[in-house]
Colleague: 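My questions will all concern the structure given below.
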Amino acid sequence: MVDRLISVALPVPLYHNFSYLVPPFLQEEVHRGSLVKVELKNRSLLGWVVAEDEKNEKNIPLKPIVGVAPIFPLSSLEISLAHRIQELWFCSLGEALSLFTPPLAKRWEEDASFRVYPGARRDPDIEEIAPAGVNLFLFREKTGLSRDKIRRLVKKGIMALEREKIEPVSWFSGGEPQVYWQSIPFFKDRVSFITNFCQRLKTEGKKGMVIFPDFATLDRYYKILATQLDCWHLIKYDSRLSSKKRFFAYKLAEAGDYQLILGTRLALFLPAREVSYYLILDPADRGHFSDQVPGYDSLRILEERVKLGGGRLEIVGSVPSLEEFYLMDSRKVSHKDFFPSQEVARPEVKIVTYRAKKRVLTLPVQQAISQTLSQGGRAFIWVQKTGYSSALGCRDCGFYYVCPRCEVAFRYHIEDHRLICPWCGLVQLPDAVCPQCGGAWLEAWGEGVERVWETVSKIFSRVSILRMDREERKRELPLVFPSIVVGTSLLLQEEVLSKGDLLVMVSVESWLSLTDFRAREKLYGQVQKARLFLGTESKTTPRLFLQIKEEKEKEAERLLAPWWVFYREELEKRESLGYPPYSVMLYLIGEGGNRKKRQVVLTKIGEECKGEGWKVMGPFPSAGLRKRGSLRDEMVIIFPPRERKKVLETLSRTLDGRKIGNVQVFLKVDQ
DNA sequence: AGCACGCCGACT
DNA sequence: GTCGGCGTGCTC
């Protein structure tokens, strides 16, 4: 008899799979999609079986697999999804599949490999708790029965245990793929929307999944929904769960023992194979993006999931991001209109310009604040940056000092008149006049929250002023806000803005001079959010002030355009420049070794890509973030989205493993 | 990634 | 003498 060979994808950054032997006693349990325990270079790893191998081509001495996890194999749909993840974020198949791997431990693995049935002897008391065919792990978690107790019940013949039959499963099709986007800004309306969503699940007898951007939001909705959906089978899933609880949720999902899953992005990878309705809240929020390998995002995963397995996806946002607009514009997503339950007053918007900045707040703004305060209202002042002063720049032309290595603004230290890079620590002395236009007025720029707070405190010395910046983020929001609040983008949320009568956005232009090509649209999103949420609980007409340099007034006006106008223009710009979403920009970051070695490694990959006709920029030296003082080199490959597969192939050919010699290569995708 | 092996410098 | 730093090679 010929030994059976299988191909296993392992969670290592190597772009090929590994072959293993299947020992005779595990034959029955191993299928495509099984989770198996294997040895690799003296360590124990969990990997997914992705194929049956024909023969041992390279004639390597093969090791047998050590064991099979007591879970059902992944369906072919999940494996396809993992392939898609690999293509989208340029990771190895094993890394993509590791998203689907549940935590395992000996103690509960044993339980999970049995199934409980009612025994031959009838006992009306016990019969109720031993329904026909439940996984023993699930049964014990639900009933809390001890192992001893179960052993005794089995002995008495009241219960019977059988080995769990691990067989391939299939994916229940969610029907024709449908994706909708709609703007539902207010919490109250969102709650009723989700309630309707659940109602629809109930009447149609279908299963659903709702993905929230972070666990604070999840908790907030869960609190309300859990009481409304009293006797529903809910799975609440996020990273705070212990590994045992996670495994429990995994087995529940696998058994189809749920109606609705509420969770953060981790819940996307539960083996919930019967879901036909999906809902995602605010897909552009940071929490939907993973910062580990693979750097996926919830919306992309859901899109692919629906594309592969069918179902209906509801995207709920307030102001769409450019990416969301692009989906609607290219008709991948349909736009639905939602009508708020009540009419709310929209703020009156004023653009306040100034020529040369002498103070943080212009006179009209100061007057507006005083007026608001005298009417018993509340004023918010929004500042872009944390800290005190962040840069040194020219008052006339907008030039500012940037570190040549890191391309970030030099921090200006007023006491010793020096420029210091916040990343690499490079020190430079500023010139006497502006090196760009020769202007005489170089000044400390982009005032941070602390500095603004300090000046505002001086002007309104008799009022209590709250400062809200990132350090205070972990704390709960205050129950009652003081009359003046100075803060960063932390302010720009419904719960805060609804309680204000005036919002001032100071130095709006500091966003517009950033090198980041997304800065403008980020600012747009912030301004639009402010317009939506400001003063919805206010008795008077709320007011929004944009304080900006005179020559940038036109830019400020553009920020007030409706999103379909603003984004259309932005997309046209992106298309003509060959930026995402029309191209994929793949950043290769080389770290470690010495410069020469990094350059050699990157150049080699670069040459390969140039040969395929893709645009390559670099390698350029840049600063290391991980170790202080360690440097790195970066290279960007730009190619059309259609060629993702080919790029992945080229990459895995040149770079099997993301470490070559002493050089580490990190990948970042912008698409 | 992460493990072993190997080659050098500074310690009880 | 050997402990442990890191550079290099390799993993079914």
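Labels below follow one simple rule: chain letters A, B, ... track the order of the sequence lines, proteins then strands, and each chain is numbered from 1.
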Colleague: I'd like to compare against my own output: the B/S/- annotation of nucleotides 3-9 of chain B with a strict under-4.0 Å heavy-atom distance to protein.
Modeller: BS-----

Colleague: From the 5' end of DNA chain C to its 3' end, which nucleotides mark the outer limits of contact with chain A, defined by a 4.0 Å heavy-atom distance cut-off (strictly under)?
Modeller: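 The footprint of chain A covers C/dG7 to C/dC12.
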
Colleague: Using a 4.0 Å heavy-atom cut-off, does A/L5 contact any base of the nucleic acid, only the sugar-phosphate backbone, or nothing at all?
Modeller: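 Touches nothing.
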
Colleague: Which residues pass the salt bridge (charged side-chain N to carboxylate O under 4.0 Å, His left out) test with A/E110, not counting sequence neighbours?
Modeller: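 Expected list: none.
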
Colleague: According to salt bridge (charged side-chain N to carboxylate O under 4.0 Å, His left out), does anything in residues 653-669 of chain A pair up with another residue at least two apart or in another chain? List the pairs.
Modeller: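 Listed once each, the pairs are A/E95-A/R658, A/E608-A/R653.
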
Colleague: Sequence neighbours excluded, which residues qualify as salt bridge (charged side-chain N to carboxylate O under 4.0 Å, His left out) partners of A/R32?
Modeller: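 Salt bridge (charged side-chain N to carboxylate O under 4.0 Å, His left out) check on A/R32 returns nothing, list empty.
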
Colleague: Can you list everything that forms a side-chain hydrogen bond (donor to acceptor under 3.5 Å, both in side chains) with A/S276? Sequence neighbours excluded, please.
Modeller: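 Result, side-chain hydrogen bond (donor to acceptor under 3.5 Å, both in side chains) vs A/S276: none returned.
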
Colleague: Base, sugar-phosphate alone, or nothing: which one does A/I60 contact when heavy atoms must sit under 4.0 Å apart?
Modeller: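 Answer is base: heavy atoms of A/I60 come under 4.0 Å of a base.
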
Colleague: What pairs with A/E314 under side-chain hydrogen bond (donor to acceptor under 3.5 Å, both in side chains), at least two apart in sequence or on another chain?
Modeller: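 For A/E314 the side-chain hydrogen bond (donor to acceptor under 3.5 Å, both in side chains) partners, ignoring immediate neighbours, are A/R200, A/R312, A/K336.
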
Colleague: Is it the case that the side chain of A/D285 and the backbone of A/G287 share a donor-acceptor pair, with hydrogens and angles ignored and the cut-off at 3.5 Å?
Modeller: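 Judged by distance alone, no pair lies under 3.5 Å.
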
Colleague: Can you list every pair that meets ring pair (Phe, Tyr, Trp, His ring centres under 6.0 Å) and has a residue in residues 281-303 of chain A, with sequence neighbours left out?
Modeller: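 Residue pairs passing ring pair (Phe, Tyr, Trp, His ring centres under 6.0 Å), neighbours aside: A/F269-A/Y296.
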
Colleague: Holding to salt bridge (charged side-chain N to carboxylate O under 4.0 Å, His left out), I want the full list of residues that pass it with A/K597, two or more places apart in sequence or in another chain.
Modeller: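 Not a single residue meets the salt bridge (charged side-chain N to carboxylate O under 4.0 Å, His left out) criterion with A/K597.
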
Colleague: Among residues at least two apart in sequence or on other chains, which ones pass salt bridge (charged side-chain N to carboxylate O under 4.0 Å, His left out) with A/R140?
Modeller: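 Checked A/R140 against salt bridge (charged side-chain N to carboxylate O under 4.0 Å, His left out); matches are A/D111.
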
Colleague: Not counting sequence neighbours, which residues clear side-chain hydrogen bond (donor to acceptor under 3.5 Å, both in side chains) with A/E162? List them please.
Modeller: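 Not a single residue meets the side-chain hydrogen bond (donor to acceptor under 3.5 Å, both in side chains) criterion with A/E162.
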
Colleague: Residues from residues 92-102 of chain A sitting under 4.0 Å of DNA chain B, heavy atoms only?
Modeller: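 DNA chain B contact set from residues 92-102 of chain A: none.
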
